[in-house]
Amino acid sequence: MLSLDHIVVVAPSVTEGVSYVRDLTGIDMPKGGEHPVMGTHNHLIRLGKDEFLEVIAVNPDSPPPSRPRWFGLDQPVKSPRLAHWVLRTDDISGIRPRLPDVLGPAIPLTRGDLAWHLTVPEDGSLPYDGAAPSLLKWANDPLPPTQMKGAGAALTTLTITHPMADELQRSYAPHLSDPRINWQTGPFKITAGLTIGRETRSLY
């Protein structure tokens with residue numbers, strides 16, 4: 001089975017991405033780290049018990065990577081947006097062949113003492129514009145999301161809108177059971193509903 005690991009905001013810079021999240025939700029996101037292999041850096045905040053929100057952007061201080069950057073970040077990001085989502089699995093090699101080919105291979109990655117495998121298309125693009133979630137397998141125990149700083153917030157809904165939503169839903173349904181995830185047919189968009197204390201906010 002697959003479970004939600006994190007949602008991803010791409011931005012022209014991490015400063016703009018963090019400001020975008022703060023303006024919509026009131027959440028201040030602490031710094032995460034750098035990804036030299038991809039030439040990116042991020043900020044992270046835990047949602048609930050073992051999920052998180054990531055803001056990611058090209059790192060202007062990092063040399064260009066030897067491969068295409070992930071999350072479509074070789075293309076200019078005009079403004080911050082919720083662009084993608086990532087599912088966690090304990091058997092990435094077993095589940096990967098059952099899902100869309102456009103996810104790409106599962107590649108090994110590290111940041112400091114963290115290690116994981118993540119599916120990344122060879123060209124670095126976002127699968128189905130970002131509607132088809134990437135797959136991740138953590139090598140660390142306990143799960144890294146459980147060790148992140150929290151915001152007193154929880155993800156309550158995640159709505160994936162895409163012209164091929166029905167096809168994507170059929171692909172993932174046998175492996176993903178999460179009542180918070182909704183699929184809708186239409187122009188691509190991801191919208192997350194967050195509860196923060198007694199308030200409800202939307203991130204998109």
Side-chain angles (χ1 to χ4, degrees), residues 2-35 38-62 69-73 76-88 109 111-114 116 118 126 129-131 133-136 138 140 142-162 176 178-184 188-204:
L2 300 169
S3 57
L4 186 63
D5 189 75
H6 66 281
I7 55 177
V8 182
V9 169
V10 299
S13 69
V14 288
T15 301
E16 291 173 83
V18 168
S19 294
Y20 179 72
V21 171
R22 185 188 304 115
D23 289 346
L24 289 179
T25 68
I27 295 173
D28 285 310
M29 298 183 63
K31 184 178 180 180
E34 300 180 358
H35 316 105
M38 294 292 179
T40 59
H41 57 172
N42 65 8
H43 283 234
L44 309 167
I45 194 79
R46 177 169 50 82
L47 301 174
K49 178 183 177 182
D50 59 4
E51 301 164 353
F52 67 99
L53 166 63
E54 175 182 33
V55 166
I56 191 166
V58 171
N59 183 355
D61 298 323
S62 178
R69 293 182 176 92
W70 50 12
F71 303 124
L73 287 171
V77 180
K78 296 180 180 179
S79 59
R81 61 187 178 90
L82 183 55
H84 196 44
W85 54 309
V86 179
L87 297 175
R88 183 168 62 236
L109 296 156
R111 179 172 69 79
D113 60 354
L114 298 178
W116 67 98
L118 181 74
L126 284 166
D129 307 312
S134 297
L135 305 180
L136 179 150
W138 290 107
N140 302 76
L143 283 173
T146 66
Q147 308 303 299
M148 295 176 185
K149 179 180 178 181
L155 181 71
T156 52
T157 61
L158 187 66
T159 301
I160 314 299
T161 306
H162 191 272
L176 177 64
D178 190 327
R180 299 171 300 172
I181 298 171
N182 305 292
W183 299 87
Q184 295 183 357
F188 171 68
K189 185 177 183 180
I190 299 179
T191 304
L194 305 177
T195 56
I196 305 165
R198 296 184 178 180
E199 298 185 7
T200 300
R201 302 287 180 88
S202 293
L203 186 62
Y204 44 85

Backbone of Asp113 reached by a side-chain donor or acceptor of Asn140 within 3.5 Å = yes

Nearest-0.5 Å distance, NE2 of residue His43 to CD1 of residue Ile56 = 11.0 Å

Contact check, side chains of Leu203 and Leu53, non-hydrogen atoms, under 4.5 Å | yes

For the pair His162 (side chain) and Phe188 (backbone), establish whether a donor and an acceptor sit closer than 3.5 Å, ignoring hydrogens and angles.
-> no

If every non-hydrogen atom of Val55 is compared with every non-hydrogen atom of Met29, which pair is closest and at what distance?
-> CG2-SD, 3.6 Å

How about Ser134 and His84: do any of their side-chain heavy atoms sit closer than 4.5 Å?
-> yes

Any chance you could measure Arg81, atom CZ, to Lys189, atom NZ, to the nearest 0.5 Å?
-> 12.0 Å

Can you find a heavy atom in the side chain of Leu155 that is under 4.5 Å from one in the side chain of Leu194?
-> yes

Contact summary for Thr195 and Thr200, nearest pair of heavy atoms | CG2-OG1, 4.2 Å

Closest heavy-atom pair and its distance - Leu24, Ser202 | CB-O, 3.8 Å

Which residues pass the side chain to side chain contact (heavy atoms under 4.5 Å, CB included) test with Pro179, sequence neighbours left out?
-> none

Does the side chain of Met38 reach to within under 4.5 Å of the side chain of Leu73, using non-hydrogen atoms?
-> no

Minimum-distance pair of heavy atoms, taken over all atoms of Arg46 and Met148 = NE-O, 3.0 Å

Angle class for the Trp116/Trp138 ring planes (parallel below 30°, perpendicular above 60°, tilted otherwise)?
-> tilted

Under 3.5 Å donor-acceptor, Asp178 side chain and Arg180 backbone = yes

Enter the distance from Ile160:CD1 to Ile190:CD1 here, rounded to the nearest 0.5 Å.
-> 4.5 Å

Any chance you could lay out the side chain to side chain donor-acceptor pair (under 3.5 Å) test for Ser62 and His41, step after step, and finish with the verdict?
-> CA-CA 9 Å; Ser62 178; His41 57 172; over 6 Å; no

Donor-acceptor contact below 3.5 Å, side chain Asp5 vs main chain Leu87 | no

Please name the pair of heavy atoms, one in Pro80 and one in Val9, separated by the smallest distance, quoted to 0.1 Å.
-> CB-CG1, 4.4 Å

Kindly say whether Ala131 contributes a backbone atom to a donor-acceptor pair with the side chain of Trp85 at under 3.5 angstrom?
-> yes

Point-to-point distance, once rounded to the nearest 0.5 Å, from CD1 of Ile181 to CG of Leu176 = 4.5 Å

Please name the pair of heavy atoms, one in His35 and one in Gly33, separated by the smallest distance, quoted to 0.1 Å.
-> CE1-O, 4.3 Å

Can you tell me how far the CZ atom of Arg88 sits from the CG atom of Leu4, to the nearest 0.5 Å?
-> 7.5 Å

Rounded to the nearest 0.5 Å, how far apart are CD1 of Ile45 and CG of Asp28?
-> 8.5 Å

Between Thr25 (side chain) and Arg201 (backbone), is there a donor-acceptor pair under 3.5 Å?
-> no

For the residue pair Glu54 and Phe71, establish whether any side-chain heavy-atom pair is separated by less than 4.5 Å.
-> yes

